Amino acid sequence: MTTEIAIENIAQYVGQKVTIKGWLYSSTRKGKLLFMRLRDGTGITQGVAFRPEIGDELFETLKRLGQESSLIVTGEVRANDRAPGVPKGYEVNIESAQVLQDTQDYPIGLKEHGVDFLLDHRHLWLRSRRQWAIMRIRATVKRAIIDFLDSHGFLNVDTPIITPSAAEGTSTLFEVDYFDEKAYLAQTGQLYNEANIMAFGKVYCFGPTFRAEKSKTRRHLAEFWMVEPEMAFFDLDDLMAFEEAFVSYIVQTTLEKRRAELEVLERDVSVLENVKPPFPRISYDEAIERLHAIREATEDEELKELLKIEWGDDFGSPHETELTKQFDRPVFVYGYPTAVKAFYMEPWPGRPEICKSVDLLAPEGYGEIIGGSERMSDPDLLVEAIRRHELPMAHYQWYVDLRRYGSVPHSGFGLGLERTVAWICGIDHVRETIAFPRTLTRMRP
RNA sequence: UCCUCAGUAGCUCAAUGGCAGAGCAACCGGCUGUUAACCGGUAGGUUGUUGGUUCGAAUCCAACCUGAGGAGCCA
């Protein structure tokens, strides 16, 4: 009588006979001894086959199995410090095995490969240890996001993906044919969220979003996931306090639940352990001063050139990177110039040239993971802003209505899932944080 | 759209004007503690494409194709 187990729970079965259904990840032969690393989707463990114990026939069969062959093995679990795996330190002494398919010529070896090759084989690449760890962490981050919001009085309300016009009037969007009318894939659900909060108080949408920008960097995807919470009766200070609690919860939950995966990725978790409130808050004005000082101090001529900035300019990626290097946790930058931000942000009282916006920049060069703001609540100012940005007023009539019927101060933000996961995992490209990335040059597999 | 870099065996790379090579993977054999093992052997090539320079081009030149990194824009 054997128990079918998941490898992630193997520690509970030391001394017991178990069955594992999975795939051969790699194997090493040593004469009469055969070490088989087996994966079942929940972890990796080592199967040990000893020729005199299992007989020549089965030993020969197992010895010749190719990488990624599918099989079912049965044997006793024992603890052994030398055994590798996730979790490590356990192995199964193979007594019997059933081969479902002997795979030969699996394309992805255990040695290093180039990005182009790996992306062409993404459907198989997902099976490798690092990718497996990243996707498990992504699922945990997603779960933490939903749990936090659901337990803080938020209602999950889905927003449309097909929209009639650019919500913010800035990005390039994917065009679709909507029954002979031009429509676009949504780049944000925010405007709809603003309608929803007036009905439900606090809401969030969480889904895929689309940008047709021809961006070709480690921080960009054409299709990515964004969670957008929106809150009625929330000002900019409330917003920052909420965001830091939210991000801290996500990071601490991941640390707690995905230690083994972070270890696979060789992530320095001490950096993540710092991610607790309060986060430093600096104004845009102060950020510009800091950047000028950094620029003065650097000897690097190239960096000096990249860091050129004047009040009123938006930050580029080099600016964000240098700025975040000064802190050991995410940093808020608030009060950006109105001119570089979207039309709907509330003006700063007494300083109309800046607005009540706030971005959260992740440390270690990961850049902006959250963009948010207090939204404009005065109907007349909003109409004026829509005109100033030359947006089609007819499309925004309903949005202005929200300020005509019971307008309240309200705020919200969007958090990019892939950038957040990349930062938590400590990996250098967002394309590895989603199962099938869509980039400027890749739509397959 | 612009800038930079790359393309050679299934994979990762070397060969910079003179016989196209190595490691891994594959195949054959050996080993009772492997961890991307190790040891011996076998097989594996239209050097991204087209044109040019040259006695001779993977190497130099031009155009193109493909990919990567970055800028801009953004999460």
Side-chain angles (χ1 to χ4, degrees), chain A residues 25-37 44-53 59 63-64 66-67 80-86 88-89 91 93 103-121 125 128-130 166 168 170-173 187-188 190 208-228 302 305-306 308 313-321 340-342 359-362 366-372 413-423 428-431 433-434 439-442:
Chain A
Y25 188 67
S26 68
S27 67
T28 323
R29 285 180 292 153
K30 256 196 92 65
K32 298 193 189 71
L33 250 193
L34 176 64
F35 299 100
M36 309 173 82
R37 256 82 57 189
I44 301 177
T45 198
Q46 174 161 275
V48 185
F50 187 42
R51 188 171 203 145
E53 281 176 21
F59 190 84
K63 189 175 103 176
R64 285 167 196 287
Q67 194 187 345
N80 188 325
D81 288 343
R82 292 171 294 190
V86 188
K88 63 185 170 201
E91 61 187 20
N93 189 45
T103 300
Q104 296 297 330
D105 301 323
Y106 183 68
I108 303 182
L110 297 172
K111 297 272 179 176
E112 61 185 82
H113 294 283
V115 194
D116 189 31
F117 175 81
L118 289 170
L119 286 171
D120 283 343
H121 295 83
W125 187 22
S128 68
R129 232 162 65 103
R130 279 178 57 83
E168 302 186 354
T170 50
S171 308
T172 313
L173 305 184
Q187 56 158 341
T188 171
Q190 184 208 313
T209 158
F210 308 89
R211 301 283 163 91
E213 294 285 347
K214 304 223 168 181
S215 296
K216 247 184 84 150
T217 82
R218 67 184 70 205
R219 298 176 308 280
H220 290 88
L221 293 171
E223 176 182 298
F224 65 97
W225 283 65
M226 184 159 71
V227 59
E228 296 180 274
E302 202 177 327
E305 184 61 30
L306 282 171
K308 249 182 190 167
D313 294 339
D314 201 359
F315 299 139
S317 159
H319 305 111
E320 290 181 354
T321 302
V340 302
K341 288 290 179 184
D359 286 353
L360 184 68
L361 310 181
Y366 284 94
E368 185 182 343
I369 52 170
I370 287 184
F413 65 94
L415 174 138
L417 181 63
E418 287 76 14
R419 283 190 186 176
T420 303
V421 173
W423 163 52
D428 71 355
H429 206 302
V430 290
R431 68 182 161 218
T433 65
I434 185 163
T439 66
L440 187 55
T441 55
R442 283 180 194 277

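Letters go in sequence order (proteins before strands), and every chain restarts at 1. Treat the numbers as computed from the prediction; the structure is a model and nothing was measured. Values below: every heavy atom of this structure, side chains too, minus hydrogens, waters and symmetry copies.
Mapping A:Val430 and A:Pro84 onto RNA chain B via the closest heavy atom, the residue that lands nearer the 5' end is A:Pro84. Mapping A:Asp105 and A:Asp81 onto RNA chain B by nearest heavy atom places A:Asp105 at the nucleotide closer to the 5' end.
For A:Phe224 and B:rA75, the ring-to-base geometry satisfies the stacking test (centroid distance below 5.5 Å, interplanar angle below 30°).
Residue A:Gln46 is classed as a base contact, given a heavy-atom separation below 4.0 Å to a base. A:Lys216 comes within 4.0 angstrom of a nucleotide base, judged by non-hydrogen atoms across all strands. Heavy atoms of A:Thr441 sit under 4.0 angstrom from primed sugar atoms or phosphate atoms, though from no base atom.
For B:rG17, there is no paired nucleotide, since no Watson-Crick or G-U wobble pair has both relevant distances below 3.5 Å. Across all strands shown, B:rC60 forms a Watson-Crick or G-U wobble pair with B:rG52, both key distances being under 3.5 Å. Pair assignment for B:rU1 gives B:rA71, based on Watson-Crick or G-U wobble hydrogen-bonding distances that are each under 3.5 Å.
A donor-acceptor pair shorter than 3.5 Å can be found between the side chains of A:Thr28 and A:Arg37. Residues A:Gln46 and A:Asn80 have side chains that never bring a donor and an acceptor to within less than 3.5 angstrom of each other.
For B:rU47 and B:rU54, the P atoms lie 22 Å apart once the distance is rounded to whole Å. For B:rU66 and B:rG48, the C1' atoms lie 7 Å apart once the distance is rounded to whole Å. Rounded to a whole angstrom, the distance from the C1' atom of B:rG17 to that of B:rU59 is 7 Å.
Atom NE2 of A:His319 is separated from atom P of B:rA71 by 11 Å (rounded to the nearest Å). Atom CG of A:Asp120 and atom P of B:rA68 are 9 Å apart (whole Å).
Distances shown here put every side-chain N or O of A:Arg51 at or beyond 4.0 Å from the OP1 or OP2 atom of B:rC31. Listed pair A:Lys111 / B:rC11 fails the phosphate criterion, with no side-chain N or O lying under 4.0 Å from OP1 or OP2. Remark: A:Arg419 is not in phosphate contact with B:rC74, judged by side-chain N or O atoms under 4.0 Å from OP1 or OP2. Applying the 4.0 Å criterion to OP1 and OP2 of B:rG10, one finds that A:His121 has every side-chain N and O outside that range.
Side-chain atoms of A:Ser215 do not come within 3.5 Å of backbone N or O of A:Thr217 as any donor-acceptor pair.
A:Lys341 and A:Asp314 are not joined by a salt bridge, as no carboxylate oxygen comes within less than 4.0 angstrom of a charged side-chain nitrogen.
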